[in-house]
Amino acid sequence: MSYLNSPRLTFSGKFQSDVSTVNNDPNHFNNATFQPSYQDYRDEKNANGWWNPDGTGNFRLIDLTIHSVTYLDGTTTKDPKEDPIIGMSVMDTESRVAGKMVDLDSQQQGVSEIWGLIVRIGQGETTYVKGDYEVAAFTNLWFSRSTDKKGSAGATASYQSIIKNLEWNIEKSNSRYLKELKNTSQDALSIQFTVDRYNSDRMSPEFTIGRMVGTIGPAFKEEPIHHINGRQLFPQVSTVNYAMAIVDDTLKKVVMNFSNSLQFGIAPEKPLDIIDAEGKAEKIAKAGVGIVETANLVLAINTGTPSNPDYNYIGKVNYNTPGWYELESGICSFDLTDEQYEQVQSNPLVILDYSASQTNVFGLNESTTVIFQEQPNYVVADTYVYRMNPSDKAEVKFYATQFGKPLANVSVTTRFDTVTLLQAPDNPPLGVPTSALKFSAAITTNEKGIATMALEAGDPGNPRDFIDGQVYAITYNLEGDFFANCNQSNFISVLVFDSVDPKIIANPTWADLQPVMQLFSNLYPIMSKGIFKLAQREVVEEHAKILKFVFGKDVSDPNYMPVTRDLSKDKQQMILTYLTKVLEEKEQNEVNA
């Protein structure tokens, strides 16, 4: 089960991602050629440190309001009189620093992850449930989301993960939804959210802020964390992006997610009155911004073939209803007749641009264009971003499905395809040597449709010179199919760090540390300008205690240093050994004094 199952809620509002952009340029990692101007904001003539060199890396949830809940029986309400959770908030931490947004590498910025985020449901200082957001990378990055904006402002991407280590406090909530949610999924929750319309204009009051819509539902063991064992719909025209669905066997419904699938742009204003938790009406639809209405979208089952279709129509996707995206978070559900429920078990779903006669809603004189087409056989790697050190081992778990059900005893084939997939400048060189990352060329799914592939890291040997380690990309698909036929976001990204001489780790000098500290000072100006000048020995040694504390944190902790998560285990240990030695010398000097 997942966020598309019941009981679920939908929310919308804003997020902040205050990323630092100095490290977006691979050449900025070269200490020998680094220029002070690389820490300046870009101007009309020079890229400098790009658009936000002073970024903190913080990721925050802002003004996220719960707009609807769907109960176990499939009924839905948007009325706070029926359920007081309506109008309440999805929030981040109330007691520690914000989560962090982190790229895997300057040459792989297409799988940015959120680390150290806490998610709470409640209102103000009252928290009914909270937990830790499992680290996740975005997927389905789509730069054609907007028809009125370009670049990051015109892009969209989605995150799916779980909220774990839950703390419940719902006794006084009077919420049927929260009670059903706890009874259904007490240990973890599934959460998915889509972000878009990000503001990278530092002169704007909305700088580093974007829009978010999302959904929270139940999560169970042996289910994917970052994907859905469901129905995958592939775009058939350039104006839409991937969509997904499940067939709810209990309720006999199709539940679909279009949050990252449809284009937005300038549209007529369609303000909508909604009722908040205090019974007040407010307008939520922004003037002039809405989904681009380009098609009459209808969900159907194709019981024929692609070349000779026979459609059983299920219902219309009412995406053009005022406020639909914000209120429903792109989620819509359709009841199935008994006949349709049987048909959908072994036939693909399609979304059509449907035209019909005025006298027949689904009648004669019809013409259709396929907008989304289900991929019946599908495989996906649940975790698809890895940071590894030499001798590290990891497991990649693949889930294969056919019409959303486990696909057993099929082979999943894999291969290196780094330069093609990352599409990054091959300078410094990418993906070499291949000997530094080993994995199986083929694995087979078990009776549950799950296949596990072992990853084993070696030592890349510093092929990128001034950038630690190497980046690899692994493509995969079901045997006999081509990668070109799968979701192009579905590949595995791996950063393998270089090793450090054990003698240096055991007895480091400032000469060993200085290049690393200089790099952090260069790439993270907010630290060197406002807190510590990490490139200076006397500053590092003066603050050895606090630096040992943050460098020694678990990598998933929001206080971990460096924020960029690009420190190898060997270099981390080297730094900690040096700082320990400094503290021991200070303690001994105090004793002698």
Side-chain angles (χ1 to χ4, degrees), residues 2-3 15-20 23 55-61 90-93 96-105 108-120 130-141 157-167 187-195 212 214-216 219 221 223-228 380-389 392-399 455 457 469 471 473 489-497 550-569 572:
S2 72
Y3 68 89
F15 73 98
Q16 181 182 35
S17 181
D18 187 31
V19 293
S20 177
N23 67 349
T56 61
N58 289 342
F59 184 90
R60 295 184 174 92
L61 308 178
V90 176
M91 305 172 283
D92 55 28
T93 180
R96 74 180 195 189
V97 300
K100 298 295 184 289
M101 172 75 81
V102 182
D103 287 332
L104 177 64
D105 189 87
Q108 170 47 316
Q109 299 178 39
V111 286
S112 302
E113 295 171 297
I114 299 172
W115 293 73
L117 180 68
I118 286 178
V119 178
R120 297 185 295 136
K130 78 172 182 178
D132 299 318
Y133 181 84
E134 177 79 11
V135 175
F138 67 59
T139 188
N140 286 335
L141 177 61
S158 294
Y159 288 88
Q160 182 180 335
S161 191
I162 59 169
I163 310 170
K164 59 185 182 180
N165 304 323
L166 296 179
E167 298 176 18
D187 296 329
L189 302 176
S190 175
I191 179 171
Q192 190 270 356
F193 50 82
T194 296
V195 294
M212 175 186 289
T215 311
I216 294 175
K221 294 180 180 179
E223 293 288 325
I225 292 175
H226 305 296
H227 296 279
I228 286 179
V380 64
D382 190 33
T383 300
Y384 45 97
V385 179
Y386 294 84
R387 288 169 173 79
M388 303 182 72
N389 294 275
D392 278 356
K393 296 181 180 179
E395 289 187 343
V396 182
K397 187 174 287 188
F398 294 92
Y399 290 81
L455 288 177
V471 182
S489 291
N490 289 358
F491 63 86
I492 301 160
S493 297
V494 185
L495 171 59
V496 181
F497 290 111
V550 294
F551 275 106
K553 282 283 187 180
D554 185 85
V555 68
S556 63
D557 192 291
N559 283 308
Y560 173 83
M561 186 172 179
V563 168
T564 47
R565 266 70 181 174
D566 52 0
L567 184 66
S568 70
K569 181 175 64 177
Q572 179 191 35

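Counting from 1, the numbers follow the sequence of the chain as shown. If you're wondering where the values come from, they're calculated on a predicted model, not measured in any experiment.
Remark: Asn165 pairs with Asp132 by the side-chain contact (heavy atoms from CB on, under 4.5 Å) rule, at least two apart or across chains. Listed by chain and residue number, Arg464 satisfy the salt bridge (charged side-chain N to carboxylate O under 4.0 Å, His left out) test with Asp105 (two or more places apart in sequence, or in another chain). Residues that satisfy the side-chain contact (heavy atoms from CB on, under 4.5 Å) test with Ala137, not counting sequence neighbours, are Val111, Glu113, Tyr384, Val385. Residues passing the side-chain hydrogen bond (donor to acceptor under 3.5 Å, both in side chains) test with Ser489: none are found, sequence neighbours excluded. By the ring pair (Phe, Tyr, Trp, His ring centres under 6.0 Å) test, Phe398 is found to be paired with Tyr476, residues two or more places apart in sequence or in another chain being considered. For Glu134, the side-chain hydrogen bond (donor to acceptor under 3.5 Å, both in side chains) test picks out Lys164, with sequence neighbours left out. Scored by the side-chain hydrogen bond (donor to acceptor under 3.5 Å, both in side chains) test, Thr564 finds Asp566 as partners (sequence neighbours excluded). Under the side-chain contact (heavy atoms from CB on, under 4.5 Å) criterion, Ala473 pairs with Thr418, Leu421, Leu422, Phe491, sequence neighbours left out. Every side-chain contact (heavy atoms from CB on, under 4.5 Å) that Thr93 has, sequence neighbours left out, goes to Ser95, Arg96, Ile118. Residues passing the ring pair (Phe, Tyr, Trp, His ring centres under 6.0 Å) test with Phe497: none are found, sequence neighbours excluded. For Asp557, the salt bridge (charged side-chain N to carboxylate O under 4.0 Å, His left out) partners are Lys553, not counting sequence neighbours. Evaluation of the side-chain hydrogen bond (donor to acceptor under 3.5 Å, both in side chains) rule for Tyr133 yields no partner, not counting sequence neighbours.
Between Phe59 and Asp92 the shortest side-chain heavy-atom distance does not fall below 4.5 Å. Side-chain atoms of Val494 and Ile492, non-hydrogen and from C-beta on, do get closer than 4.5 Å to each other. In this structure, Tyr399 and His227 have side chains that are not in contact, with every pair of non-hydrogen atoms separated by 4.5 Å or more. Within the 4.5 Å cutoff, side-chain heavy atoms of Asn58 are placed close to those of Lys100. Side chains of Val195 and Phe138 form no contact here, defined as non-hydrogen atoms less than 4.5 Å apart. Residues Ser161 and Ile225 meet the side-chain proximity criterion, which asks for heavy atoms closer than 4.5 Å. For the pair Gln108 and Leu495, the minimum side-chain heavy-atom distance is 4.5 Å or more.
Closest approach of Leu104 and Arg387 over heavy atoms only: CA-NH2, 3.5 Å. Contact record, Ala219 with Ile162: CB-CG2, 4.2 Å, taken as the closest heavy-atom pair. Between Ala98 and Pro558, the shortest heavy-atom contact is O-CB, 3.3 Å. Minimum interatomic distance between Met388 and Leu455 (heavy atoms only, all atoms of both residues): CE-O, 3.8 Å. Considering all non-hydrogen atoms of both residues, Val90 and Ile216 come closest at CG2-CD1, 4.3 Å. Across Tyr386 and Glu395, no two heavy atoms sit closer than the pair OH-O, 3.1 Å.
Put simply, the side chain of Ser190 gets close to the backbone of Tyr3: a donor and an acceptor are under 3.5 Å apart. Side chain of Tyr159 to backbone of His226: no donor-acceptor contact under 3.5 angstrom is found. Between the side chain of Asp18 and the backbone N or O of Thr56, at least one donor-acceptor pair lies under 3.5 Å. At least one donor-acceptor pair under 3.5 Å links the side chain of Arg565 to the backbone N or O of Val555. Of the possible donor and acceptor atoms, none in the side chain of Gln109 sits under 3.5 Å from a partner among the backbone N and O of Asp103.
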Evaluate the criterion side-chain contact (heavy atoms from CB on, under 4.5 Å) for residue pair Leu567 and Phe551; output intermediate values, then yes/no.
CA-CA 9 Å; Leu567 184 66; Phe551 275 106; 3.8 Å; yes
Please report the C-alpha distance between Thr194 and Ser158 in whole Å, then the side-chain angles of each, then the deciding distance to 0.1 Å, and finally whether the side chain to side chain donor-acceptor pair (under 3.5 Å) criterion is met.
CA-CA 4 Å; Thr194 296; Ser158 294; 2.9 Å; yes
Would you please test Gln192 and Ile228 for side-chain contact (heavy atoms from CB on, under 4.5 Å) and show each step?
CA-CA 10 Å; Gln192 190 270 356; Ile228 286 179; over 6 Å; no
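Here the straight-line distance linking atom CE of Met101 with atom CH2 of Trp115 works out to 13.0 Å at 0.5 Å rounding. From Leu141, atom CG reaches atom OG of Ser112 across 8.5 Å, with rounding to the nearest 0.5 Å. Of the inter-residue distances, the one linking Phe15 atom CZ with Leu117 atom CG reads 12.5 Å to the nearest 0.5 angstrom. Between atom CD of residue Gln160 and atom CD1 of residue Ile191 there is a gap of 10.0 Å, rounded to the nearest 0.5 Å.
For the side chain to side chain contact (heavy atoms under 4.5 Å, CB included) test with Leu61, the passing option among Met212, Met91, Arg120 is Met212; the others fail.
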